[in-house]
Visitor: 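One structure follows; several queries about it will come next.
The sequence lines fix the lettering, A, B, ..., with proteins before strands; numbering per chain opens at 1.
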Number of protein chains: 2
Amino acid sequence: MADPPKRPALRKRYDDRQREVLDACARVFAERGYHGTSIDDLIAATGLARGGLYHYIGSKSEALFRILDDLMGPLLERATAAVEGPDAPPSAVGRLRALTRVWMRQVESHRDHVAVFEQERRTLEAEPVWERVRGDRRAFEVLLVRILEQGVRDGELAVADPQLAALALLGMVNHTALWFVPGGRLDADEVADGFVDLLLDGVRRG
Amino acid sequence: MADPPKRPALRKRYDDRQREVLDACARVFAERGYHGTSIDDLIAATGLARGGLYHYIGSKSEALFRILDDLMGPLLERATAAVEGPDAPPSAVGRLRALTRVWMRQVESHRDHVAVFEQERRTLEAEPVWERVRGDRRAFEVLLVRILEQGVRDGELAVADPQLAALALLGMVNHTALWFVPGGRLDADEVADGFVDLLLDGVRRG
DNA sequence: TTCACACCTTCGACCGTTCGGTCGGTATAA
DNA sequence: TTATACCGACCGAACGGTCGAAGGTGTGAA
């Protein structure tokens, strides 16, 4: 990580290999936890030797940063586009559904990354290093709360406590990192729609 | 932990002190993660010296076991009583509310323990040592799913996917370990009722 | 009521191991 | 021939855990 190659032809190969390595790290971090993972674990998971590994990750904590930043950056970007971009649905219900789908798709494609994020959240809250990741998370939550509040203002929704409703949906989706299996009974969109339907209409009969 | 005192008069003092020590450990584990916590951290948090600490905890991993077992055992016991005991509400809606309240109260009184549980869940799934804790968790989830299924059978509820609805509520409540503050805007029962209302009636207007 | 002794609590120096990280080197490919 | 990829021996620090000793404390025999 200290030295990405200057020659452009090699740059791509380096980037690809680095992503492979970081994905492998994310897998191990998700399984054993960041602090529970030793460098030797990462060596076993990547197939590299000690020196080769450090060539790509710089340090253990730098690897963690990249894993979380590569997760939250794109998520926030896509979420913003889906909710506030030119193609964003006009209704609050539509935007809520779009946001949740983007989010669940990120869980589907970055399951390990999300699991690591959930595991390390409390530590993330403290240290200044994580300000960017923290800021992205906060921005995402604001996006969600804003949809709910607009929905209430427009008369589309009747939410007793938007803050609590947002935390409820946040909990549902983030928790999926623990049980969602790509290729399982439900795919990402089905889970997203299921959650949104639950939140919109509830389960009481009649 | 190797040697609880034989004399009953001293046994109580030992137990009380042990709980103090374990609560302090739980606080640090919740903050820094189990693997991220060193024995020196626990020494600082308890005020004991190395030897004194080991007198009460046996080992770091034994402390973790006690923290999680003391969390899940009582939770399952109270939940079962609230839902299947003689005073259990007759309706599925009532039982759902009772279960969620018991659960949120446990989060309120054992916030650190719950946070540790959430952080270590993935590790817990693997090793055989954790079978009891894992079994308690599974039993709790069964309790919840059963309420939903009975509600459907009795015509009280209309749940498209009881499994998903259970996972949704599980996510909401477990996630509270990250943001719930005792003495904050909402108390445990208010959060529980808020979640259940959300799940029952949804937020769509009309 | 006293006192000696066994039990209990706490201490901190110490141990072997494992940790994250470095660095000088070799192989390879542009 | 030079920039890059990868290796593995090595390092100091920090880790979890042990242990013999010292000091208190409740208790039964005198």
Visitor: Where the side chain of A/R137 meets the backbone of A/M72, is there a donor-acceptor pair that is under 3.5 Å apart?
Guide: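 Not confirmed, A/R137 side chain does not pair with A/M72 backbone.
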Visitor: Using only atom types and a distance under 3.5 Å, with no angle test, would you say the side chain of A/E190 pairs donor to acceptor with the backbone of A/D187?
Guide: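 The answer is yes, because a donor-acceptor pair under 3.5 Å joins these two groups.
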Visitor: Specify the separation, in whole Å, of atom NZ of A/K60 and atom P of D/dA14.
Guide: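 Those two atoms, NZ and P, are 15 Å apart.
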Visitor: Could you verify whether a donor N or O on one side chain and an acceptor N or O on the other, from A/R78 and A/Q106, lie under 3.5 Å apart?
Guide: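 Yes - a donor-acceptor pair under 3.5 Å links their side chains.
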Visitor: Can you check whether A/H55 has a side-chain N or O nearer than 4.0 Å to OP1 or OP2 of D/dC6?
Guide: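 No.
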Visitor: Have a look at A/L53 and say if it touches a base, only the backbone sugar-phosphate, or nothing, with a 4.0 Å heavy-atom cut-off.
Guide: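 The answer is nothing, as A/L53 stays clear of every strand by at least 4.0 Å.
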Visitor: Can you measure from CD (A/E120) to CZ (B/R32) and round to the nearest 0.5 angstrom?
Guide: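 Here the interatomic distance stands at 12.5 Å.
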Visitor: In Å and rounded to the nearest 0.5 Å, what is the CG to CD1 distance from A/L22 to A/I67?
Guide: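 One gets 5.5 Å once the value is rounded to the nearest 0.5 Å.
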Visitor: Please confirm whether B/H175 and B/F195 have ring centers closer than 6.0 angstrom.
Guide: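 No.
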Visitor: Any luck finding a side-chain donor-acceptor pair between A/Q150 and A/R95 under 3.5 Å?
Guide: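 Per modelled atom types, A/Q150 and A/R95 side chains form a pair under 3.5 Å.
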Visitor: Taking A/D15 as the fixed residue, which of A/K12, A/R11, A/R17 is the one that meets the side-chain hydrogen bond (donor to acceptor under 3.5 Å, both in side chains) rule?
Guide: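 Of all the options given, the one that passes is A/R11.
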Visitor: I need the CD-C1' distance between A/E20 and D/dA5, as an integer number of Å.
Guide: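 Between C1' of D/dA5 and CD of A/E20: 14 Å.
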Visitor: Pick the nucleotide of DNA chain C nearest each of B/G47 and B/P5; which residue has the one closer to the 5' end?
Guide: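 Result of the comparison: B/P5.
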Visitor: Please determine if A/K60 and A/D41 form a salt bridge, counting it only when a charged side-chain N lies under 4.0 Å from a carboxylate O.
Guide: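 Between A/D41 and A/K60 there is no salt bridge, as every charged N stays at least 4.0 Å from the carboxylate O atoms.
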Visitor: Contact between A/T80 and A/F140 at the side-chain level, heavy atoms closer than 4.5 Å - yes or no?
Guide: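 The answer is no; the side chains never approach within 4.5 Å.
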Visitor: For residues B/L48 and B/I43, determine if any side-chain heavy atom of one lies less than 4.5 Å from a side-chain heavy atom of the other.
Guide: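 In short, these two side chains do not touch, never coming nearer than 4.5 Å.
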Visitor: Heavy atoms within less than 4.0 Å of DNA chain D: which residues of residues 26-39 of chain B have one? Give them sorted by number.
Guide: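 Going residue by residue through residues 26-39 of chain B, the ones with a heavy atom under 4.0 Å of DNA chain D turn out to be B/T37, B/S38, B/I39.
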Visitor: Once you measure the plane-to-plane angle for A/F65 and A/W130, does it fall in the parallel (<30°), tilted (30-60°) or perpendicular (>60°) bin?
Guide: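 Ring orientation of A/F65 relative to A/W130: tilted.
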Visitor: Does anything in residues 101-117 of chain B form a salt bridge (Lys or Arg N to Asp or Glu O under 4.0 Å)? List the pairs, not counting sequence neighbours.
Guide: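 Sorted result for residues 101-117 of chain B: B/R101-B/D189, B/R101-B/D193, B/R105-B/D189.
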Visitor: Just the atom pairs and distances: protein N or O near nucleotides 8-12 of chain D's N or O, under 3.5 Å.
Guide:
| unit_1 | atom_1 | unit_2 | atom_2 | d |
| --- | --- | --- | --- | --- |
| D/dG8 | N7 | A/G51 | N | 3.4 |
| D/dG8 | O6 | A/G51 | N | 3.0 |

Visitor: A side-chain contact here means heavy atoms from C-beta on lying under 4.5 Å apart; do A/L199 and A/L96 qualify?
Guide: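 A/L199 vs A/L96: side chains touch.
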Visitor: Roughly how many Å is it from CG in B/D40 to P in D/dG16, rounded to a whole number?
Guide: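 It works out to 8 Å between those atoms.
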Visitor: Quick test: give all pairs of protein nitrogen or oxygen and nucleotides 24-30 of chain D nitrogen or oxygen below 3.5 Å, distance rounded to 0.1 Å.
Guide:
none

Visitor: When the axes are fitted on five pairs at both termini, how much does the helix from C/dA6-D/dT25 to C/dA30-D/dT1 curve, in 10° steps?
Guide: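 So the angle between the two local helix axes works out to 10°.
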Visitor: Is the shortest side-chain heavy-atom distance between B/M172 and B/L169 below 4.5 Å?
Guide: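 SC-SC contact between B/M172 and B/L169 confirmed.
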Visitor: Using a heavy-atom cut-off of 4.0 Å to chain B, what are the terminal contacting nucleotides of DNA chain C, in 5' to 3' order?
Guide: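 Extent of the interface on DNA chain C: C/dC7 to C/dA13.
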Visitor: State, yes or no, whether a side-chain contact exists between B/V191 and B/W179 at a heavy-atom distance under 4.5 Å.
Guide: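 Yes, side chains in contact.
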